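Every heavy atom of this structure was used, including side-chain atoms; hydrogens, water molecules and symmetry mates were not. Keep in mind it's a predicted model, so treat the numbers as computed, not measured.
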Amino acid sequence: MSLTLTRLSPALGAIVEGVDLAQPLTDSQQQEIHQALLQHQVLFFREQDISPRQQRDFAARFGDLHTHPIYPQHPDAPQVMILDTDAFDLKDNAIWHTDVTFIETPPAAAVLAARQLPEFGGDTLWASSFAAWDALSDRLKTLLEGLTATHDFTKTFPLKRFGLTPADRAKWEQTRRDNPPLSHPVVRTHPESGRKGLFVNGGFTTEINELPEEEGAALLAFLLAHQARPEFSIRWRWQAGDVAFWDNRSTSHYAVDDYRPTRRIMHRATILGDKPF
C-alpha cells in the first residue's frame, strides 16, 4: 500500500501516513519515504510508538549512523542521542542551525522523536535552503558560488558551558582535537537531486573565507537572516508520538526555547552524509 502525503507549505514539509515506524520497512516503503524526503525535505509521522532501538533501525535503513561526541547516548541504542533539558541547557538549539556541519561529511539526514513534551511551546521550525537560494538575485548567486566558509564546533559547544567537570572538559578537548575548524562551500549542490542551496548556518559557520573580515561578516549576517524568512520555513507543533525526518543537506532548523522550566526530551538518530560540493 502506498503512503499518503499531505504537503504543508510551498517551501517544504509533508505529513506521511500509512506506515508504522516500529515495524521494519519494506523495500517499497523505504524507497517511497526516501523519494518523499528528497521532494519535501522534512517529513512528519504522527502517532508513532517506537523504542530507541526501533528509531535507530529506521534511521539505519537510510545510511550509516553518527554518534555525537558531546550529547549523551541512549543506553539501549548508543547511536541515538538524548536531548534532555534536565541534563543540558539546550539554548544553543534555539538558533537556526544545520546539524554537525563541523565534520568533513556532515549528516545527510536525521530522525527526531518526541519523548516528553511541555504542555505548550517547544515547537521546531525548519527552513529550506533551496527556497532561500532560489530567491536570491543572479548577481549575488554568481558571487556566492565562488565562496567557502569556516565551520567550527566551538561556536555552539563553547568550553565554558561544556567543560564544567574534568570528565566533560576531557571529552570537549578530545572533540576539539578530532574536529578542528574546516571549510565547506557557501552554496552546496545536493548530491541526489542536483539542486543548489545555501550551506551556512548560525550554529557552526563563523566566517566567509575569501572576503575581508568586515565584508564577510556582513554577507554572512545577510545570508543567515535571509534563509530564516517565513516564506522558506514551516513551524511544527509537537504532539506525543511525533517523529520528524529531515534532509540535513538542504534544511536548517530552530528549536524554540519558550517552555522553561518545563522539561522536554527528544531523541535523535543522525545519518552520515558525504563531503559537500
Side-chain angles (χ1 to χ4, degrees), residues 3 5-16 31-45 59 62-63 93 95-103 105-112 123-149 151 183-205 208 219-236 244-255 268 270-277:
L3 305 178
L5 298 176
T6 303
R7 191 171 180 178
L8 294 176
S9 81
L12 78 170
I15 296 174
V16 180
Q31 291 169 8
E32 281 193 78
I33 291 171
H34 180 71
Q35 289 304 313
L37 185 69
L38 293 180
Q39 180 180 356
H40 297 287
Q41 302 173 261
V42 56
L43 306 176
F44 300 98
F45 304 82
F62 298 89
N93 286 291
I95 56 172
W96 284 104
H97 64 284
T98 300
D99 289 331
V100 198
T101 62
F102 57 84
I103 64 175
T105 55
V111 180
L112 188 67
D123 298 352
T124 304
L125 293 86
W126 277 267
S128 168
S129 66
F130 295 155
W133 167 257
D134 291 344
L136 295 174
S137 69
D138 289 341
R139 287 191 175 186
L140 185 52
K141 288 179 179 178
T142 299
L143 169 65
L144 294 176
E145 286 193 282
L147 300 178
T148 64
H151 294 244
S183 296
H184 293 306
V186 169
V187 183
R188 179 175 189 175
T189 301
H190 195 284
E192 296 186 79
S193 70
R195 295 186 66 182
K196 293 180 179 179
L198 294 176
F199 198 64
V200 293
N201 71 92
F204 300 111
T205 309
I208 294 178
L219 180 56
L220 180 59
F222 165 76
L223 294 176
L224 296 178
H226 171 74
Q227 64 187 7
R229 285 171 53 182
E231 295 91 336
F232 313 143
S233 69
I234 57 168
R235 181 169 181 147
W236 184 254
F245 183 23
W246 69 91
D247 190 331
N248 198 62
R249 301 163 295 188
S250 63
T251 61
S252 56
H253 55 281
Y254 186 118
R268 192 181 88 200
T270 307
I271 302 158
L272 283 168
D274 49 17
K275 186 177 176 63
F277 64 92

Minimum heavy-atom separation for [X] to [Y], with atom names?
X    : Y    : answer
H40  : L12  : O-CB, 3.4 Å
A59  : V111 : CB-CG2, 3.9 Å
H151 : F102 : CB-CA, 4.3 Å
A131 : A11  : CB-CB, 4.3 Å
S9   : I234 : OG-CG2, 3.2 Å
V186 : T148 : CG2-C, 3.7 Å

Does [X] reach the main-chain N or O of [Y] with its side chain, forming a donor-acceptor pair under 3.5 Å?
X    : Y    : value
H190 : E192 : yes
Q41  : T251 : no
N248 : D99  : yes
R139 : T142 : no
H97  : H253 : yes

Between [X] and [Y], is any pair of side-chain heavy atoms under 4.5 Å apart?
X    : Y    : value
Y254 : S233 : no
T124 : W246 : no
F245 : L37  : yes
K141 : K196 : no
V200 : Q227 : yes
L223 : L144 : yes
L147 : L219 : yes
F45  : L3   : no

Atom pair [atom1] ([X]) and [atom2] ([Y]), whose distance is rounded to the nearest 0.5 Å:
X    : Y    : atom1 : atom2 : value
L38  : D247 : CG    : CG    : 6.5 Å
E145 : T189 : CD    : OG1   : 7.5 Å
N201 : L220 : CG    : CG    : 9.0 Å
S193 : Q39  : OG    : CD    : 11.0 Å
I103 : F204 : CD1   : CZ    : 10.0 Å
W133 : S128 : CH2   : OG    : 13.0 Å

| request: Take T205 and F199, measure what side chain to side chain contact (heavy atoms under 4.5 Å, CB included) needs, and give me the verdict at the end. | output: CA-CA 9 Å; T205 309; F199 198 64; over 6 Å; no

By side chain to side chain donor-acceptor pair (under 3.5 Å), H184 pairs with (sequence neighbours left out) none

Worksheet entry | Intermediate values then yes/no, side chain to side chain contact (heavy atoms under 4.5 Å, CB included), W126 and L8 | CA-CA 12 Å; W126 277 267; L8 294 176; over 6 Å; no

Inset, instruction - Look at D134 together with R195 and state whether they make a salt bridge at an N to O cut-off of under 4.0 Å. - result: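 Looking at D134 and R195, the cut-off is met.
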
Note to self: Does the plane of the ring in F44 sit parallel, tilted or perpendicular to the ring in W236? Use 30° and 60° as the thresholds.
What the structure shows: parallel

